[in-house]
Amino acid sequence: MMKVMEPLELPNGVELKNRFFKSAMSETMANNRNQPNEKHMRLYHAWAKGGAGVVVTGNVMVDRNALGEPGNVVVDDERDIGMLREWARKGTVNETQLWMQINHPGKQSPKSMSKEPVAPSAVPMGDKFKGAFNPPRALTVEEISALTSKFANTARIAKKVGFTGVQIHGAHGYLVNQFLSPHDNRRDDDYGGTLANRMRFLLEIYTEIRDAVGEGYPIALKLNSSDFKPEGFTEEESLQVVGKMASLGLDLIEISGGNYEQPKMSTGTDSEVFFLEYAQKLKEKVNIPVVVTGGFRSPGSMESALEKNHTDMIGIARPLALEPQLPNQIMAGSNAEITTRRLTTGLTALDEKIGPVVGNVYYAMQLKRIAEGKGTERHTNAWRPLLHLITTHGSYALKPKRR
Ligand SMILES: Cc1cc2nc3c(=O)[nH]c(=O)nc-3n(C[C@H](O)[C@H](O)[C@H](O)COP(=O)(O)O)c2cc1C
């Protein structure tokens with residue numbers, strides 16, 4: 001039997017049927033009241049039928065006053081409980097674990113959505129992103145405590161409606177990551193300075209969620225292996241955070257950042273070895289399952305990563321936007337590699353400017369097609385997604401974003 005087909009038991013006894021882990025992809029399909037709808041149900045039904053052991057939702061926001069992008073789902077009270085129940089029901093068919101990723105964008109809330117976003121400290125985004133995000137203000141200690149409760153409240157509702165786990169989004173520069181990073185967090189109170197202080201927000205979120213959902217309910221965390229900036233959150237700190245979280249009872253850690261197969265394409269640096277070394281160090285340090293996400297494209301490399309014990313599960317995002325049946329196909333013996341080539345307009349300068357944004361739209365367009373019951377449409381021409389972007393979101397959409 002292939003390694004990827006083997007079940008995996010979480011430390012709390014919950015059994016995952018195989019090693020495919022569908023990583024979060026923001027659906028941007030909610031209406032202007034940020035409610036989930038039929039599209040979410042069809043999309044997650046398709047993924048559940050596709051065979052992955054765990055399916056993580058796109059980031060769901062814990063506060064309707066702080067959105068990461070238009071079309072985010074918000075769960076900060078029980079107003080949409082009926083729709084959420086249906087979403088959970090459709091997404092858990094075929095013995096699929098459906099975990100809700102919960103998030104707060106902090107200062108990564110675009111200008112069009114936040115006049116004055118909040119952050120650990122009033123440190124604006126870097127030059128490249130300045131045009132898209134207003135400078136943030138620092139949170140008060142009372143506000144930090146209120147936000148911790150919001151994460152716990154979202155998790156409580158996720159459990160109540162039938163999601164089988166939650167994942168705290170601690171990666172990609174959002175609020176939890178901002179607290180961890182010494183670049184973004186310049187506080188001199190209990191939430192800043194030493195690593196113990198910078199991780200306090202995450203620890204309090206975890207503890208309050210655990211109190212709300214009880215033992216035995218999976219709580220996962222997505223974390224960067226580092227901020228990849230000299231003055232940012234380091235690899236050593238990331239290892240320490242995971243160690244601490246594991247000792248508190250975290251059920252699974254997903255590591256993002258770095259790219260398993262093609263690091264040069266995604267980061268521009270030779271970080272493959274660096275990233276694998278990190279994953280290995282992590283596996284030596286903690287007993288909880290580790291999921292490496294980023295760049296898995298061929299069944300061979302998935303199998304080899306599991307065999308070498310670099311990871312316990314295979315985190316996959318973009319290939320599952322192109323082919324929701326991918327896990328079933330691989331388990332049925334398909335050896336086909338799924339390529340996620342860079343889109344191009346044919347104009348190098350324009351490609352450089354819009355590349356990452358248009359790339360994300362292309363995948364979001366595929367999610368929409370699956371949600372509408374249509375097949376996905378693979379191409380490498382960037383003009384279609386670019387046009388789609390401008391007609392649906394206007395010029396805001398061309399501003400840089402991060403995931
Ligand atoms: C359209 C799109 C939306 C994404 N949304 C999220 C998100 O909401 N939360 C998150 O943690 N990562 C998000 N990601 C990042 C993916 O989970 C994953 O870490 C990244 O795409 C690398 O994996 P891959 O090479 O298999 O695509 C998103 C990626 C894409 C392409």
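Numbers for residues simply follow the sequence, beginning at 1. Order of appearance sets the numbers: ligands from 1, and atoms from 1 within every ligand.
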Answer yes or no for Ala171: is there a heavy-atom contact with ligand 1 below 4.0 Å?
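No, that is not the case, since the closest heavy atom of the residue is not under 4.0 Å from the ligand.
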Check if Arg297 has a non-hydrogen atom at a distance under 4.0 Å from any atom of ligand 1.
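Checking ligand 1 against Arg297, which is what was asked, there is a heavy-atom contact under 4.0 Å.
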Does the side chain of [X] pick up a donor-acceptor pair with the side chain of [Y] at under 3.5 Å?
{"X": "Tyr278", "Y": "Ser238", "value": "yes"}
{"X": "Asn37", "Y": "Asn31", "value": "no"}
{"X": "Ser149", "Y": "Glu208", "value": "yes"}

Ligand 1 to [X] polar contact by distance, N or O atoms, under 3.5 Å:
{"X": "Gly295", "result": "yes"}
{"X": "Arg318", "result": "yes"}
{"X": "Ala24", "result": "yes"}

Heavy-atom donor-acceptor pair, Gln167 side chain to Thr57 backbone, under 3.5 Å
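Pair absent, no side-chain N/O of Gln167 close to backbone of Thr57.
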Between the side chain of Ser145 and the main-chain N/O of Val141, is any donor-acceptor distance below 3.5 Å?
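Here the side-chain-to-backbone pair does not exist.
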Just go through Glu27, Met365, Gln101 and tell me whose heavy atom is the nearest to atom 9 (N) of ligand 1.
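The option holding the nearest heavy atom is Gln101.
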Near [X], which atoms of ligand 1 are under 4.0 Å from a heavy atom of that residue?
{"X": "Ser26", "answer": "3 (C), 4 (C), 5 (N), 6 (C), 7 (C), 8 (O)"}
{"X": "Ile316", "answer": "26 (O)"}
{"X": "Ser23", "answer": "17 (O)"}
{"X": "Asn59", "answer": "8 (O)"}
{"X": "Thr293", "answer": "18 (C), 19 (O), 23 (O)"}
{"X": "Gly294", "answer": "22 (C), 23 (O), 25 (O)"}

Pairwise side-chain contact, Arg210 with Leu248, heavy-atom cut-off 4.5 Å (strictly under)
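No, side chains not in contact.
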Side-chain contact test, heavy atoms from C-beta onward, threshold under 4.5 Å: evaluate it for Val213 versus Val166 and give yes or no.
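No, too far: nothing below the 4.5 Å cut-off.
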Within a reach of under 6.0 Å around NZ of Lys17, are more than 12 heavy atoms found that belong to other residues, nucleotides or ligands?
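Above 12, so yes.
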